[in-house]
Asks: 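Once you've had a glance at the structure underneath, I'll fire off some questions.
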Amino acid sequence: MRRILVTSALPNANGAIHLGHMLEHIQTDIWVRFQRMMGNQCIYVCADDTHGTATMLAAEREGVTPEVLIERLRAEHAEDFRRFYVSHDNYYSTHSPENERYNSLIYTRLAERGYTYTADVEQLYDPVRKLFLADRYLKGNCPRCGADDQYGDNCQECGATYDATELVNPRSMLSDAEPELRNSTHYFVDLPQFADFLKEWTATDAVQPEVANKLAEWLTGGLKAWDISRDAPYFGFRIPGTEDKYFYVWMDAPVGYMASFQHLCDRTEGLEFDDFWTPDSQAEVHHFIGKDIINFHCLFWPAVLSGSDFRTPTKVHVHGMLTVDGKQMSKSRGTFINAGTYLEHLDPEYLRYYLATKFGGNTDDMDFGLDDFVQRVNADLVGKVVNIASRCAGFIGKNFGGRLAGEIHDAELWGAVSSAGDELAELYESGDTGRAVRRITALADLGNRYIAEHEPWKHLKDPDRRDEVHGVCSLGINVFRALAAYLKPILPAMAEKAEGFLRVEPLAWRDAATPLLDHEIDRFRPLFTRIDKKALDKVIEATRAEAVEASAASRESNTVGIDDFQTIDLRVAKVLAANFVDGADKLLELNLDVGDHQRRVFAGIRGAYDPAKLVGRLVVIVANLEPRKMRFGVSEGMVLAAGPGGRDIFLLAPDTGAEPGMQVT
RNA sequence: GGCUGCGUAGCUCAGUUGGUUAGAGCACAGCAUUCAUAAUGCUGGGGUCGUUGGUUCAAGUCCAACCGCAGCUACCA
């Protein structure tokens, strides 16, 4: 018996599970269920990837702690996967004590062995939000072609790549402030020390050949050290021995595989972490990932593992990306389909089957063709496979007391079906479920042809041919049973219904090789209904509607809960200076004392207030309003006032005694 | 821009080390059939294999350039 640990890449805790995630988890789950049917021990763990600046900012926006945010999403994600029959043994979180422990352990071992070092890095810093800016939060002009609005790493216009520090007129996308160049100490894993190890490792069959080709680009070009630290504020684990340095999320994400497994071991009798993770382990570790994250899993991760005295992965299974009707998933086209939206209208096994026909065990992209999806499922699954049971069951029930014949009517047909198991097993093992499905539907074609040739409905009237009819229909049921077993990794719920119909124990792979003889079966009930194209249209419509709603945000709701209200940080502020703004006929620029700091706020009150008379008075401001770029500068908040506008504007004023910085509750 | 991979009938794909008239399923058309969730069987139409050029007795298959798609390009998770 093989002992196998399997993972899918960790979904981010910053959004809902969508079709792209489902592709990966369904592919993984099919492989896992196949291994289990073969009698192997196969543990499947996953987790939400929770850390990073994005989580921190999202939680801030919602006015909750990151912990609250990520736990809510984790529960949602786990539920989506469960409803698609994805059989995780554990769906955990990277924000866990186990993960912190393994991160520290791995880091400490790497440091002790001289695989880490620190160096000062110059990085752009947002003085308003008080944090260092990742490339994705920076925009500016391309240093080569000057194009507007380019991100901090490369230019969409001319294709140049550069450092964020080279951007011309850089701007923080969080505050629109001009970033400052600041020095900070960063921690690095000295990847070049692992160059020889990685060259050897990537040449094994742990990675697909095309992946090895891609990796050769980095390996021959020379590996760079890997920056594994981020400065506070950051939502993550603090690096041992530091005050304000945190592990970069890509350091702790793959360690999350180990942590999720450890968490499972702690609750499972007989499951030992060390059996799977020591360097001499005989167990297997398989990672399923998309081709977008090859470098993390095939360079950093094996290097980190080998440098910290853990085993390296047996195999990294890399798949291509999902397109819908030939294009990237898009919210406005209605093709950025969330798992939850799909489930409201369609059976999860439709998707499992359709995607299974697409997997080839390679890194080619896969297209979700909307019409193709409907046709494929209806024609193959309902028209071919299930139809065999449906057309034979009636005869068995009505004429033979629901009992199958005692012998095989056609040895040749049964031989073809029952002997396909080995070839199909190889296809499943290599991840080529597309070819496996094609072989299985070809077997279904054989079955349907066989039944058509023997015309049981005609011969039933002839008493001399009753045994033949019994034999033909019984063999039909047996063919169906074998196909249900072959398809069980893909269609677990259908297989379960088939087991009920056949009155048998849960099907194992080897059951396809031995027929059911002289055995009573149940009445047949439809195992699958056809896809209604209208249901799919509804999914697209709903997805489009979600996109519109999301962009309209929560502006339209009439009432808010107390929690929503508490997300707004109202504060008392004192006007230190007030000035006219050149070129603005409604605005005044205010300098406000907010207690611990000062801010600049633009207020549209020029028509009602003389700036000179404002100085010294107290006002109420929204302190956590997203900084807004205006024509004349960035406004860092909003002063509260009542009235229709023009001359009729009335500032809210706290009574005497209030101090700048006090929160309004 | 560089790198990896892909581009074969309307759709989804198969085409092994280059070798006789390029295959399958779905869709479409005709016929047959009626047991089955309008399911099944038989027959048929449909492709200058992304483009251009090259190597070769012979290229979908090898080479080059170009076009299109996806991903990566190390601080987006």
Side-chain angles (χ1 to χ4, degrees), chain A residues 9-15 49-55 121 123-124 132-138 144 151-155 158-161 163-164 186 191 208 210-218 221 223-227 230 248-250 253 290-296 299-300 318 320-323 326-328 354 357-358 360 362-367 369 371-376 378-380 382-384 386-395 398 434-435 437-438 441-442 445 447-453 455-458 460 469 472-473 476 524-530:
Chain A
L10 311 185
N12 298 320
N14 61 10
D49 182 18
T50 58
H51 292 149
T53 310
T55 306
V121 171
Q123 200 184 356
L124 293 170
F132 283 95
L133 293 162
D135 289 355
R136 67 181 296 212
Y137 295 120
L138 280 160
R144 193 167 92 184
Y151 287 96
D153 49 358
N154 67 71
C155 174
C158 73
T161 59
D163 276 351
H186 276 238
L191 210 57
Q208 291 121 296
E210 62 265 45
V211 174
N213 290 344
K214 180 63 187 169
L215 293 168
E217 181 188 340
W218 286 295
L223 292 167
K224 288 193 221 162
W226 185 32
D227 186 349
R230 294 295 181 271
Y248 173 42
V249 55
W250 263 115
K291 67 180 181 180
D292 53 336
I293 52 176
I294 286 172
N295 54 355
F296 294 105
L299 294 178
F300 305 146
V318 181
M321 310 312 280
L322 182 72
T323 56
K327 302 209 164 108
Q328 273 185 72
Y354 182 69
T357 67
K358 299 283 180 178
N362 54 40
T363 62
D364 291 357
D365 294 338
M366 285 153 278
D367 186 51
D371 292 330
D372 188 44
F373 170 66
V374 174
Q375 285 171 2
R376 201 85 190 224
N378 288 348
D380 291 0
V382 182
K384 289 183 176 180
V386 173
N387 183 48
I388 295 175
S390 177
R391 68 194 307 200
C392 292
F395 292 112
K398 280 180 203 146
R435 203 181 284 259
V437 167
R438 265 173 262 136
T441 51
D445 287 342
N448 277 311
R449 204 174 302 148
Y450 164 78
I451 295 163
E453 277 166 12
E455 303 176 303
W457 54 92
K458 195 183 278 181
L460 190 61
V469 171
V472 167
C473 295
F524 182 80
R525 277 172 290 267
L527 300 171
F528 242 108
T529 51
R530 311 170 72 76

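Proteins come first, then strands; the chains are lettered A, B, ... in the order of their sequence lines, and each starts at number 1.
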Asks: When we call it a touch if two heavy atoms are under 4.0 Å apart, what does Gln123(A) touch: a base, just sugar-phosphate, or nothing?
Replies: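 It contacts base atoms.
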Asks: Please work out whether the ring planes of Phe300(A) and Trp226(A) are parallel, tilted or perpendicular, with thresholds of 30° and 60°.
Replies: parallel
Asks: Rounding to the closest angstrom, what is the interatomic distance between A24(B) and G47(B) at atom C1'?
Replies: 14 Å
Asks: Check the phosphate of C72(B) against Trp218(A), side-chain N and O only, distance under 4.0 Å to OP1 or OP2. Yes or no?
Replies: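 The answer is no; no side-chain N or O of Trp218(A) sits under 4.0 Å from OP1 or OP2.
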Asks: So, is Asn213(A) near the phosphate of G5(B), with a side-chain N or O under 4.0 Å from OP1 or OP2?
Replies: yes
Asks: Choosing from G25(B), C75(B), G2(B), which nucleotide comes nearest the side chain of Tyr248(A)?
Replies: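 Comparing G25(B), C75(B), G2(B) against the side chain of Tyr248(A), the answer is C75(B).
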Asks: Provide, to the nearest angstrom, the distance between the CZ atom belonging to Arg438(A) and the C1' atom belonging to C11(B).
Replies: 14 Å
Asks: Report yes or no: is there a donor-acceptor pair, N or O only, under 3.5 Å between the side chain of Asp371(A) and the base of C11(B)?
Replies: no
Asks: So if I define the base as every atom that isn't primed, P, OP1 or OP2, how would nucleotides 32-40 of chain B read as a B/S/- string at a heavy-atom cutoff under 4.0 Å?
Replies: -SSBBB-SS
Asks: Take N1-N3 plus N6-O4 or O6-N4 for Watson-Crick, N1-O2 plus O6-N3 for G-U, both under 3.5 Å. Which runs of 3 or more such pairs involve RNA chain B?
Replies: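 If one scans RNA chain B for consecutive Watson-Crick or G-U pairs, the stems found are B:1-7 with B:67-73, B:10-13 with B:23-26, B:28-32 with B:40-44, B:50-54 with B:62-66.
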Asks: Does a distance-only test, which skips hydrogens and angles, find a donor-acceptor pair under 3.5 Å between the side chain of Glu217(A) and the base of C72(B)?
Replies: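 There is none.
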Asks: Determine whether a donor-acceptor pair (N or O, by modelled atom type, separation under 3.5 Å) exists between the side chain of Thr50(A) and the backbone of Ala13(A).
Replies: no
Asks: For atom P, what is the distance between C26(B) and U43(B), given to the nearest Å?
Replies: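 So the two P atoms sit 13 Å from each other.
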Asks: For atom P, what is the distance between G41(B) and U4(B), given to the nearest Å?
Replies: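 It comes out at 45 Å once rounded to the nearest Å.
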